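Keep in mind it's a predicted model, so treat the numbers as computed, not measured.
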Amino acid sequence: LLSTSMSGMPGSGEFLLLRGIRSLNTSQSPLILIDGIPLETPGLFASNISGNAYNPLTTLDPNDISGISILKGPEAAALYGSRASNGIILIRTLQPTAIQTSIRFSFQTGMSFVPDRYIPQLNSEQYKTLANEVLMSSNLLEEDFKENYPGLYISQDNEDYLRYSHNTDWQDYVFSNNLSESAHLSVQGGSEIATYGLSVGINNQKGVFTNSGYNRFNVLFVSHLNVFPWLKMDLNTQLVNVNSTPKSSALMSQSSPVST
């Protein structure tokens with residue numbers, strides 16, 4: 001299994017390959033089932049943010065996973081047909097088996113740091129020198145330079161001088177260190193007739209890009225009922241609320257938070 005992060009943005013998800021690249025046109029992602037329920041294909045819903053794609057796995061709390069199985073042989077196609085041509089990943093969540101009630105709580109926190117080195121920037125004088133060299137080597141008329149690019153020839157007594165001569169490094173404002181927190185509470189128990197499992201999770205991540213982040217709140221309830229020796233019932237209910245504020249991954253200069 002090859003897993004590659006879509007980008008460095010919180011909640012960007014992973015690009016998964018189970019049987020290698022098999023086609024140039026169709027999806028390469030394996031079929032993912034959570035407790036027997038298939039998920040949408042990653043990237044099914046397009047995004048207006050460059051470098052970002054919807055990934056349904058971001059709605060799953062890793063603390064709720066009790067087991068993972070991988071199928072990539074003929075049995076995968078026998079069970080799910082052509083949808084399993086890239087393999088199957090089976091994910092099992094809460095599996096309450098203990099009769100005695102158990103309560104577990106976990107809390108994690110971490111820090112995201114800005115890059116050690118920023119992209120080198122020109123100051124105002126260096127930019128003017130470079131711009132003049134570019135203009136002089138272009139096919140534009142020299143007498144039109146001052147009219148079309150007044151900022152290169154503005155004097156200090158002009159009221160717009162600071163507008164064209166500041167040395168602000170915008171990377172100091174684009175990047176910032178941020179904290180991330182996650183908490184998870186699970187309760188499992190039951191009797192010989194019925195077992196249950198309840199989990200509640202909160203995940204709050206903030207990216208190194210200012211105003212970027214990912215917030216998830218999820219509730220999962222699982223129950224196994226032995227109504228009669230010949231009748232068993234399983235209940236699996238999940239509620240997930242995700243708020244994501246991704247930014248461009250600098251693939252387009254028009255929308256890159258660094259290039260602009």
Supply the atom-to-atom distance [X] [atom1] to [Y] [atom2], rounded to the nearest 0.5 angstrom.
{"X": "I34", "Y": "N236", "atom1": "CD1", "atom2": "CG", "value": "9.5 Å"}
{"X": "Q188", "Y": "S102", "atom1": "CD", "atom2": "OG", "value": "5.0 Å"}
{"X": "L225", "Y": "I193", "atom1": "CG", "atom2": "CD1", "value": "9.5 Å"}
{"X": "L130", "Y": "N132", "atom1": "CG", "atom2": "CG", "value": "9.0 Å"}
{"X": "L33", "Y": "I89", "atom1": "CG", "atom2": "CD1", "value": "10.0 Å"}
{"X": "L185", "Y": "F105", "atom1": "CG", "atom2": "CZ", "value": "7.0 Å"}

Heavy atoms only: give me the nearest [X]-[Y] pair and the separation to one decimal.
{"X": "P38", "Y": "L31", "value": "CB-CD1, 4.1 Å"}
{"X": "E181", "Y": "L179", "value": "OE2-CB, 3.5 Å"}
{"X": "S138", "Y": "L135", "value": "OG-O, 2.5 Å"}
{"X": "V208", "Y": "F113", "value": "CG1-O, 3.3 Å"}
{"X": "L94", "Y": "V222", "value": "O-CG1, 3.7 Å"}
{"X": "S112", "Y": "K206", "value": "OG-O, 3.9 Å"}

hydrophobic_cluster_shared for [Y] and [X], side chain cutoff 4.5 Å:
{"X": "I202", "Y": "V219", "result": "yes"}
{"X": "V187", "Y": "L235", "result": "yes"}
{"X": "M111", "Y": "V114", "result": "no"}
{"X": "L220", "Y": "V242", "result": "no"}
{"X": "F107", "Y": "V200", "result": "yes"}

| Just wondering, do V174 and Y118 contact through their side chains at under 4.5 Å, heavy atoms? | no
| query | Are the side chains of M233 and S223 in touch, meaning some heavy atoms are under 4.5 Å apart? | reply | no
Can a donor-acceptor pair be found, under 3.5 Å and without considering hydrogens, that links the side chain of [X] to the backbone of [Y]?
{"X": "T237", "Y": "F221", "value": "no"}
{"X": "N204", "Y": "R216", "value": "no"}
{"X": "S180", "Y": "T109", "value": "no"}
{"X": "S106", "Y": "A183", "value": "no"}
{"X": "Q126", "Y": "N123", "value": "yes"}

Under a 3.5 Å threshold, yes or no: a donor from one side chain and an acceptor from the other, between [X] and [Y]?
{"X": "D64", "Y": "H184", "result": "yes"}
{"X": "D169", "Y": "Q171", "result": "yes"}
{"X": "N243", "Y": "N215", "result": "no"}
{"X": "N178", "Y": "S176", "result": "yes"}
{"X": "S199", "Y": "R104", "result": "no"}

Within 6.0 angstrom of [X] [atom1], more than 12 heavy atoms from elsewhere:
{"X": "L239", "atom1": "CG", "value": "yes"}
{"X": "Q108", "atom1": "CD", "value": "no"}
{"X": "Y127", "atom1": "OH", "value": "no"}
{"X": "L231", "atom1": "CG", "value": "yes"}
{"X": "Y173", "atom1": "OH", "value": "no"}

| task | Mind running side chain to side chain contact (heavy atoms under 4.5 Å, CB included) on L71 and L90 for me, showing each step along the way? | result | CA-CA 8 Å; L71 301 177; L90 303 173; 3.9 Å; yes
| request: Could you walk me through whether L60 and N218 pass the side chain to side chain contact (heavy atoms under 4.5 Å, CB included) test, one step at a time? | output: CA-CA 8 Å; L60 178 64; N218 56 279; over 6 Å; no
| said: Between F175 and F209, is the ring centroid distance below 6.0 Å? | reply: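 That pair passes the under 6.0 Å test.
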| message | Let's go through I88 and I70 carefully: what are the C-alpha distance in whole Å and the side-chain angles of both, what is the deciding distance for side chain to side chain contact (heavy atoms under 4.5 Å, CB included) to 0.1 Å, and is it a yes or a no? | response | CA-CA 6 Å; I88 301 177; I70 294 178; over 6 Å; no
